[in-house]
Amino acid sequence: MSLSRRRFLSHSLHAGAALGATGLLGAPAIVLAESRRPTVTHGVMSGDILPGRAMLWSRSDRPAQMVLELADNPDFRQARRLTGPTALPIDDFTTKLDVTGLGDTESLYYRVRYAALGDERALSEPAVGRLRLPPTRSRNVRFVWSGDTVGQGWGINPDLGGMRIYETTRQVRPDFFIHSGDTIYADGPLEERVTLDDGSTWRNIVTPAKAKVAESLAEYRGQYAYNLLDDNLRRFNAEVPMLAQWDDHETVNNWYPGELLDDPRYTEKNVSLLNARARRAFMDYMPVRQTPDAPERLYRRFSYGPDLEIFRLDMRSYRDANSANLQANPGSGAAFLGDAQLQWLLDGLRQSRATWKIVASDMPLGLVVKDGERYEAVANAEPGQPLGREQEIARLLEALHRANVQNIVWLTADVHYTAAHHYSPERASFQNFTPFWEFVSGPLNAGTFGPGELDATFGPEAVFTKAPPSGQANLPPSAGYQFFGQVDLDAESRELTVTLKDTAGTALFEKRLAPA
């Protein structure tokens, strides 16, 4: 007689119970295949998508073999089956696979299971995801961006239904999502209860990893695992591919290479060592592609058809120490992107044939971001000619202007409010550049601040700003000041429309850009 797997397991369990009841089996009871089944613990994710190619991610609760099924239909008819990596403790049981050969498939459905090692019958229940692959021909594209998750003491609040902005963002059905950094707050412990200004209580889910600052590799990994407890985020991840960036809070606030911490919360003061652990956790828990020649390099470019290309930057790994940011020579401790990344970006933008070139920047260009008496971002609050880190940006903008590279848009987060900035040489001290737009969004689930001060070196104008009222800061997500940005490319007109939205999905500002 042919038995289905479910009936077979059912019969096996009944047989085991009968044998145990008659004393034919000694203690402990026989370990059946059903009890050895692994579990998918944190859903599925996709990311770093390219034409015909995508990174797929998941996590098991024990050592197990990743098994994937891929199809162009939700019923998984004629599915392609792949064997992925083995989930092991060394990777915190996370696995990811760079799936290639997807051809011209537009919609990809994927299903992840884990098989117990040594017993392929013991399979986990499946976790299902889907994604829309980049087009090879012109079509409408919609994507979203934002940053800053679980910051300033505001975690997953079950009373509010968790991080609801991820559900709002999922419902606009984007093709992909740019996470602009601060994907976690490894330096931001949570308390179970926080009393708000109106006397009400904010309640956090708290895990051991979120009860202290992260220092060990396990603690950094625990920060990512915490965020994935949220139902909204897991649903979002299962449907929307991510281009993930990092900024400072993946390691520690305002960090730079070579820094030594002066923070009594930390027993480990060497920030470069902390960052090595933080990077490993990021690579374990994010669907980013790693290559043998540069396994920790994050800056990459992603083509999305003939009209759109994304340039993902890393403004954290190659910078010199935060300083007064007034160096007259860019080689004297004023590196920000670093020479190699700067040249990569310049070459890529000049060579790109895409109508629109999106620079995904983890920090804003013209906003003054302080680190005590030093400066954390590009601007230095001196409105004259470029100094310090501004010199790298000036070199980039001037070279692009000379090459007549058009239709560049910068997207960023970091400052915990939303804004639209227009940069123009007619308002600037440095004038050798083509006007461009920079759009700011976030936070996703963190404290809200702002607005910030603009530095006039590159002539920015705040065309729109939404931030807390004057005198208010670190407002909780329940106050309503959480934001994401939406970008729509129209294939027929090739116009790009940028819309800034809040948790409710309300459009706060919209700018339609025609290609030059």
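These figures come from a predicted structure and were not determined experimentally.
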_Glu309 vs Lys357, salt bridge (Lys or Arg N to Asp or Glu O under 4.0 Å): CA-CA, chis, key distance, verdict_ = CA-CA 5 Å; Glu309 190 163 15; Lys357 292 156 277 287; over 6 Å; no
*Indicate, with yes or no, if the rings of Phe302 and Phe176 have centres closer together than 6.0 Å.*
no
*Is the CZ atom of Arg173 crowded by more than 12 outside heavy atoms at less than 6.0 Å?*
no
_Between Asp248 and Tyr256, does the side-chain hydrogen bond (donor to acceptor under 3.5 Å, both in side chains) criterion hold? Intermediate values first, please._
CA-CA 8 Å; Asp248 55 337; Tyr256 50 82; over 6 Å; no
*Summary of side-chain hydrogen bond (donor to acceptor under 3.5 Å, both in side chains) pairs that have at least one residue in residues 276-286, sequence neighbours excluded*: Arg59-Tyr285, Asp91-Arg280, Asp92-Tyr285, Arg221-Asp284, Asn275-Arg279, Arg279-Ser317, Arg280-Asp284
_For a 4.5 angstrom cut-off between non-hydrogen side-chain atoms, does Val409 reach Val487?_
no
_Under 3.5 Å: donor-acceptor pair, side chain of Asn445, backbone of Met163_ = no
*asked:* Looking at Gln171, I'd like to know if its CD atom is crowded, meaning that more than 12 non-hydrogen atoms belonging to other residues, nucleotides or ligands lie closer than 6.0 Å.
replied: yes
*Would you mind checking if Asp187 and Arg265 are paired as a salt bridge, meaning a charged N to carboxylate O distance below 4.0 Å?*
no
*Quick one: CH2 on Trp255 to OG on Ser272, what's the gap to the nearest 0.5 Å?*
6.5 Å
_Would the distance check show the side chain of Arg353 and the main-chain N or O of Gln351 forming a donor-acceptor pair, the cut-off being under 3.5 Å?_
yes
*Sidechain N-carboxylate O distance under 4.0 Å for Asp175, Arg139*: yes
*Consider only side-chain N and O atoms of Tyr224 and Thr94, and report whether a donor and an acceptor are under 3.5 Å apart.*
no
_Tell me if the aromatic rings of Phe143 and Trp145 count as close, with their centers under 6.0 Å from one another._
no
*asked:* Testing the 3.5 Å rule here: is there a donor-acceptor pair between the side chains of Asp314 and Trp246?
replied: yes
*Side-chain touch Asn140/Asp490, heavy atoms, less than 4.5 angstrom*: yes
_Over 12 foreign heavy atoms within 6.0 Å of CD, Glu192_ = no
*Value rounded to 0.5 Å, distance of CG in Leu396 from CG in Leu349*: 6.5 Å
*Is a side-chain N or O of Asp247 found less than 3.5 angstrom from the main chain of Met363, in a donor-acceptor match?*
no
*Looking at Glu215 and Lys269, does any basic side-chain N land under 4.0 Å from a carboxylate oxygen?*
no
_Neighbour count above 12 (heavy atom, 6.0 Å) for Asp197 CG_ = no
*To the nearest 0.5 Å, tell me how far Asp320 CG sits from Asn325 CG.*
10.5 Å
*If you look at every heavy atom in Ala413 and Asp148, which pair is closest and at what distance?*
CB-OD2, 4.0 Å
*Between the main-chain N or O of Phe336 and the side-chain N or O of Glu392, is there a donor-acceptor pair closer than 3.5 Å?*
yes
_Expected output: side-chain Trp356 to main-chain Arg494 donor-acceptor under 3.5 Å_ = yes
*Is the CG atom of Asn329 crowded by more than 12 outside heavy atoms at less than 6.0 Å?*
yes
*Go through Glu268 and Asn270 one step at a time and tell me if the side-chain hydrogen bond (donor to acceptor under 3.5 Å, both in side chains) criterion holds.*
CA-CA 6 Å; Glu268 178 55 65; Asn270 184 341; 4.9 Å; no
*Within 45° of the six-membered ring axis of Tyr299 and under 6.0 Å from that ring's centre, is NZ or CZ of Arg297 located there?*
yes
*Return yes if some donor-acceptor pair links the side-chain N/O of Asn232 with the main-chain N/O of Gly161 below 3.5 Å, else return no.*
yes
*asked:* Quick check: closest heavy atoms across Tyr266 and Ala186, and the distance to 0.1 Å?
replied: OH-O, 4.4 Å
*Counting heavy atoms not belonging to Gln385, are there more than 12 under 6.0 Å from its CD?*
yes
*Derivation of the side-chain hydrogen bond (donor to acceptor under 3.5 Å, both in side chains) call for Ser138 and Asp307*: CA-CA 7 Å; Ser138 292; Asp307 292 317; 3.2 Å; yes
*Would you say the side-chain atoms of Thr418 pair up with the backbone N or O of Val440, donor to acceptor, closer than 3.5 Å?*
yes
*If we ignore angles and hydrogens, is there a donor and acceptor under 3.5 Å between the side chains of Asp488 and Gln486?*
yes
*asked:* In the structure I gave you, are the side-chain heavy atoms of Arg389 and Arg319 within less than 4.5 Å of one another anywhere?
replied: yes
*Just grab all the side-chain hydrogen bond (donor to acceptor under 3.5 Å, both in side chains) pairs involving residues 155-164, residues at least two apart or on different chains.*
Asp159-Arg203
*asked:* My understanding is that only one of Phe483, Tyr481, Phe449 makes a ring pair (Phe, Tyr, Trp, His ring centres under 6.0 Å) with His416; could you say which?
replied: Phe449
*Check whether any side-chain heavy atom of Met283 sits under 4.5 Å from a side-chain heavy atom of Gln290, and report yes or no.*
yes
*asked:* Donor-acceptor pair, distance only, cut-off 3.5 Å: does the side chain of Asn407 make one with the backbone of Ala516?
replied: yes
_Lys511/Phe439 under side-chain contact (heavy atoms from CB on, under 4.5 Å): CA gap, chis, key distance, verdict_ = CA-CA 10 Å; Lys511 181 64 182 179; Phe439 297 96; 4.1 Å; yes
_Considering all heavy atoms, the nearest Ser352-Ala354 contact_ = OG-N, 3.2 Å
*Ignoring hydrogens and geometry, is there a side-chain-to-backbone donor-acceptor pair from Thr457 to Glu382 under 3.5 Å?*
yes
*For the residue pair Ser303 and Pro134, what are the closest heavy atoms and their distance?*
O-CB, 3.7 Å
*Is there a donor-acceptor pair closer than 3.5 Å between any side-chain N or O of Arg234 and the backbone N or O of Leu229?*
yes
Would you be so kind as to tabulate the donor-acceptor pairs closer than 3.5 Å made by side chains of residues 426-433, with sequence neighbours excluded?
residue, atom, partner, partner atom, Å
Arg427, NE, Gly459, O, 3.1
Arg427, NH1, Glu461, OE1, 3.3
Arg427, NH2, His422, O, 2.7
Arg427, NH2, His422, ND1, 3.1
Arg427, NH2, Gly459, O, 3.2
Ser429, OG, Pro383, O, 2.2
Gln431, NE2, Pro425, O, 3.2
Gln431, NE2, Ala428, O, 3.3
Asn432, ND2, Glu398, OE2, 3.4

*Going by distance alone, is a donor N or O of one side chain under 3.5 Å from an acceptor N or O of the other, for Thr497 and Glu510?*
no
_Looking at Arg512, I want to see if its CZ is surrounded by more than 12 non-hydrogen atoms of other residues, nucleotides or ligands under 6.0 Å._
no
